Every structure is written in structure tokens, then in C-alpha cells.
Amino acid sequence: MLDQIHLLAAVTVLGVLEQAYFFLQVIYARRVFGISPPKTSGPPEFERIFRAQVNSSEYFPIFLALLWQAGLFFHQGLAAALGLLYLYARYCYFIGYRASSSERLAPIYFSTGVLWILIAASALGILHFFLSHYVGLNVLQLLTA
């Protein structure tokens, strides 16, 4: 069984490490700009770092759910590759947002596109499972015949 989920697990760990990096960047920014919790406002430089971290954290559960669904029901390798693309796009988003609010746009659009592909892969995989398991219709056999 582990050979069916090891890539998903590796991408998950990388995602958690990325989130930790984003959290540490906020802590560092708080120290640099003298902003103690629970304050969330300050100079624009701090607010961009804070928002980039919060936005990334808000999307993380969605990403994880889609990564695992696509990997379990569609294809582990494809889901893991898309997961790596998503994490890279999120990193670019964070770095871009830290520099300027306009620099976040291309990476956020790209990462959103990756999420849509993961949604499609998840939906197709789950649909295939339901059709084959409950209806006895194997779409893959029909397509290859």
C-alpha cells in the first residue's frame, strides 16, 4: 500500500515545510518591523508578507484534499507532479507578494489553474470508481477497446 501513496506523502511533507517557511517569514518580519501579535497591520512591507502567508494557509487544506483525492482515485504520479507545480507556484506567489502586490498575480493564477486540474483529476477518478464499483461500467476498458 505504501508504494501507492509515497509520492503523495512526500509532496505533503514538502507542503508542510513550505508552510513552515512562510510562518517563519512572518515571525522574522514581525521582529524587523516591531509588530507584536496580535497586530496584523503595519508597514506595507509587513502586510504583504503577512497576507501572503495567510492566503497560502487558507488554500493549503484545499490543496491537500485535492492532491490526495487525485492521487488515490486518478494517478499518484500525475497528482504528485501537479502538487510540486502548485508548491512552486505558491513559493513564487509568496516571494512576488513580498516584493510587490502586483508581482503575486501571475503565480496565483498559475496555482489556481493547477488546483482546477487537480479538481478535474479528482472528479474523473471518483466518477470512474463509482461507475466501475457500483454500476459495473469500466470506462477505461471501453476507451481502449
Side-chain angles (χ1 to χ4, degrees), residues 1-30 32 35 37-42 44-145:
M1 170 165 161
L2 292 179
D3 61 331
Q4 296 172 355
I5 61 170
H6 66 286
L7 297 176
L8 301 174
V11 172
T12 299
V13 169
L14 286 174
V16 169
L17 290 173
E18 182 177 68
Q19 290 296 307
Y21 172 76
F22 296 160
F23 293 141
L24 290 173
Q25 293 302 301
V26 172
I27 292 169
Y28 177 74
R30 283 186 180 283
V32 167
I35 299 169
K39 289 183 183 177
T40 59
S41 61
E45 296 83 3
F46 169 76
E47 289 185 8
R48 288 195 309 267
I49 293 169
F50 181 77
R51 286 306 314 156
Q53 181 269 317
V54 170
N55 291 348
S56 295
S57 294
E58 290 169 346
Y59 275 87
F60 195 62
I62 297 167
F63 163 68
L64 285 180
L66 292 172
L67 171 74
W68 280 86
Q69 286 178 26
L72 292 174
F73 287 98
F74 192 79
H75 191 274
Q76 177 188 206
L78 177 66
L82 289 169
L84 290 174
L85 275 175
Y86 177 83
L87 293 177
Y88 176 72
R90 270 296 163 172
Y91 177 78
C92 291
Y93 166 80
F94 186 88
I95 298 303
Y97 205 170
R98 184 171 65 186
S100 164
S101 61
S102 63
E103 295 291 319
R104 78 190 195 289
L105 295 176
I108 194 68
Y109 294 144
F110 184 78
S111 66
T112 302
V114 173
L115 286 179
W116 279 108
I117 296 169
L118 284 170
I119 288 170
S122 297
L124 288 172
I126 292 168
L127 178 64
H128 176 263
F129 176 81
F130 282 140
L131 288 175
S132 63
H133 191 75
Y134 294 110
V135 180
L137 180 64
N138 191 331
V139 178
L140 294 177
Q141 282 181 343
L142 294 174
L143 292 174
T144 58

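The shown structure was predicted, so the numbers you read here are calculated from the model rather than taken from an experiment.
- Note that CD1 of Ile62 is 12.0 Å distant from CG of Leu118, once rounded to the nearest 0.5 Å.
- Formation of a donor-acceptor pair under 3.5 Å by the Ser132 side chain with backbone atoms of Phe129 is found in this model.
- Proximity of Leu87 to Phe63: side-chain heavy atoms (C-beta onward) are separated by under 4.5 Å at one or more points.
- In the displayed structure, Tyr59 atom OH is contacted under 6.0 Å by at most 12 heavy atoms of other residues, nucleotides or ligands.
- The distance from atom CZ of Arg104 to atom SG of Cys92, rounded to the nearest 0.5 Å, is 15.0 Å.
- Between Leu115 and Tyr86 there is a side-chain heavy-atom pair separated by less than 4.5 Å.
- A distance-only check finds a donor-acceptor pair linking the side chain of Glu47 to the backbone of Gly42 [under 3.5 Å].
- Using a 4.5 Å heavy-atom cutoff, the side chains of Val54 and Glu58 are in contact.
- When every heavy atom of Ala79 is checked against every heavy atom of Leu8, the shortest pair comes out as CB-CD2, 4.0 Å.
- Shown here for Ile95 and Tyr21, the closest heavy-atom pair between the two residues is CD1-OH, 4.4 Å.
- Rounding to the nearest 0.5 Å gives a distance of 11.0 Å between OG1 of Thr112 and CD1 of Ile117.
- Side-chain N/O atoms of Trp68 and Thr12 include a donor and acceptor closer than 3.5 Å.
- The local environment of CZ in Phe23 is crowded, with over 12 non-hydrogen atoms from other residues, nucleotides or ligands closer than 6.0 Å.
- Residue Tyr28 places its OH atom among 12 or fewer non-hydrogen atoms of other residues, nucleotides or ligands, all under 6.0 Å distant.
- Side-chain contact annotation: Gln19 with Ser57, donor-acceptor N/O pair under 3.5 Å present.
- Inter-residue side-chain proximity for Phe60 and Leu64 is flagged as met; some heavy-atom pair is nearer than 4.5 Å.
- For the pair Ser111 and Arg90, the tightest heavy-atom approach, listed with the atom from each and the gap, is OG-NE, 4.0 Å.
- Judged by distance alone, the side chain of Gln76 and the main-chain N or O of Leu7 form a donor-acceptor pair under 3.5 Å.
- In this structure a side-chain-to-backbone donor-acceptor pair under 3.5 Å is present from His6 to Asp3.
- The shortest distance between side-chain heavy atoms of Asn55 and Tyr93 falls below 4.5 Å.
- For the atom pair CG (Leu2) and CD1 (Ile5), the distance works out to 5.5 Å, reported to the nearest 0.5 Å.
- Leu84 is not listed as a side-chain neighbour of Tyr88, based on a closest heavy-atom distance of 4.5 Å or more.
- In terms of modelled atom types and a separation under 3.5 Å, the side chain of Arg48 and the main chain of Arg98 share a donor-acceptor contact.
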Legend entry - Intermediate values then yes/no, side-chain contact (heavy atoms from CB on, under 4.5 Å), His128 and Phe73: CA-CA 8 Å; His128 176 263; Phe73 287 98; over 6 Å; no
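- Both tests do not hold together for Arg51 against Tyr97: distance to the six-membered ring centre under 6.0 Å, angle to the ring axis within 45°.
- With rounding to the nearest 0.5 angstrom, the CG atom of Leu67 is 9.0 Å from the CG atom of Leu72.
- Annotation for Arg30 and Thr40: closest pair NH2-CG2, 4.4 Å, computed over non-hydrogen atoms.
- For the pair Ala70 and Ser122, the tightest heavy-atom approach, listed with the atom from each and the gap, is N-OG, 3.2 Å.
- Nearest heavy atoms, Ile119 versus Leu66: CG1-CD1, 3.5 Å.
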